[in-house]
2 protein chains.
Amino acid sequence: MSRSPTIAFAALADPTRLGIVDLLARRGELPAGDISTAFTSSASAISQHLKVLREAGLVSVTRRAQQRIYRLDTASMAEVEGWLSDRARQWNGRLDAMAAYIEKTRQETHDGE
Amino acid sequence: MSRSPTIAFAALADPTRLGIVDLLARRGELPAGDISTAFTSSASAISQHLKVLREAGLVSVTRRAQQRIYRLDTASMAEVEGWLSDRARQWNGRLDAMAAYIEKTRQETHDGE
DNA sequence: CACTTAATTAAGTGAAGTCTAAAATATACA
DNA sequence: TGTATATTTTAGACTTCACTTAATTAAGTG
């Protein structure tokens with residue numbers, strides 16, 4: 001757990017991989033073959049994409065006979081979300097502080113400061 | 001607004017650009033020069049990174065004399081967050097449905113079904 | 001206008017990413 | 001053991017990305 005967020009962002013930066021994440025969210029856990037048939041890319045290309053998603057911690061795998069069953073790892077997705085919301089919160093906090101300062105200044109001016 | 005999320009993810013997939021987003025969250029709006037001095041990369045490299053962030057809608061710019069003042073666009077960050085939380089919610093909903101099904105099946109079995 | 005400061009754009013280069021085709025690995029089953 | 005199925009790994013071609021240096025644009029100042 002807890003890799004640098006750039007790795008997760010890089011994993012999501014490809015349209016096919018984003019499509020795989022979307023597919024797994026909609027359809028639940030799936031074997032690599034079923035994921036492969038949902039896209040025009042070859043089984044090999046999909047396998048390589050799955051490796052990137054795996055290494056980013058965004059999906060996990062288990063074995064069932066010859067199949068590899070993939071599923072979403074929502075914990076790591078939550079980490080990425082958390083990174084974004086922390087920054088947005090910081091920035092919005094700044095905006096609020098600035099608004100409060102302006103309001104305070106305005107009132108003091110009205111008091112004849 | 002509302003570009004494909006891959007563009008935003010690709011913009012966040014580089015450590016320098018992620019650092020710029022983090023810097024703007026912590027320090028508020030900044031001219032390109034101040035951003036540049038916070039990193040080891042050249043002004044040119046930073047300018048190119050800022051262009052990528054701009055085109056992804058993650059930052060916005062205004063002019064002040066020769067300076068270009070950059071700030072975070074939290075609306076587009078919220079869109080990215082939303083994409084992730086929608087998928088996580090879908091997947092977790094599936095898990096809940098499966099747990100409910102297992103529980104129901106277990107009870108019926110105990111009833112002698 | 002010439003000069004300085006701030007930043008971007010252009011051109012070229014090396015590294016990283018994505019794809020295809022072929023070979024390799026893993027598991028089941030006759 | 002030999003064969004079929006499911007998937008991954010490897011190797012190589014092609015593309016895209018991030019950087020550097022040099023040139024360019026934009027705006028203020030003597």
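Just so it is clear, the structure is predicted and the values come from calculations on it, not from any experiment. Throughout, a chain's letter reflects where its sequence line sits, starting with A, and its residues are numbered from 1.
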> B:Q48: which residues meet the side chain to side chain contact (heavy atoms under 4.5 Å, CB included) condition with it, sequence neighbours left out?
B:S44
> When you measure from the centre of the six-membered ring of B:W91, is the NZ or CZ of B:R87 under 6.0 Å away and within 45° of the axis?
no
> Going by side chain to side chain contact (heavy atoms under 4.5 Å, CB included), name the residues that satisfy it together with A:A56, two or more places apart in sequence or in a different chain.
A:I7, A:A11, A:L58
> Shoot me the first and last contacting nucleotide of DNA chain D against chain B, ordered 5' to 3', at under 4.0 angstrom to non-hydrogen atoms.
D:dA18 to D:dG28
> Could you tell me which residues satisfy side chain to side chain donor-acceptor pair (under 3.5 Å) with A:T62, sequence neighbours excluded, listed by chain and number?
A:R71
> Under the side chain to side chain donor-acceptor pair (under 3.5 Å) rule, collect the residues that match up with A:T6, sequence neighbours excluded.
A:S4
> Listed by chain and number, what are the side chain to side chain contact (heavy atoms under 4.5 Å, CB included) partners of A:R64, not counting sequence neighbours?
A:Q67, A:I69
> Identify, with sequence neighbours excluded, every residue that meets side chain to side chain contact (heavy atoms under 4.5 Å, CB included) alongside A:A65.
none
> When every nucleotide of nucleotides 18-30 of chain C is labelled 5' to 3' by its protein contacts under 4.0 Å (heavy atoms), B for base, S for sugar-phosphate only, - for none, what sequence of letters results?
SBBB----SBS--
> Name all residues meeting the side chain to side chain donor-acceptor pair (under 3.5 Å) criterion together with B:D73; count only those two or more places apart in sequence or in a different chain, and write none if there are none.
none
> Using both distances under 3.5 Å as the test, list the Watson-Crick or G-U wobble partner of D:dG30, or none.
C:dC1
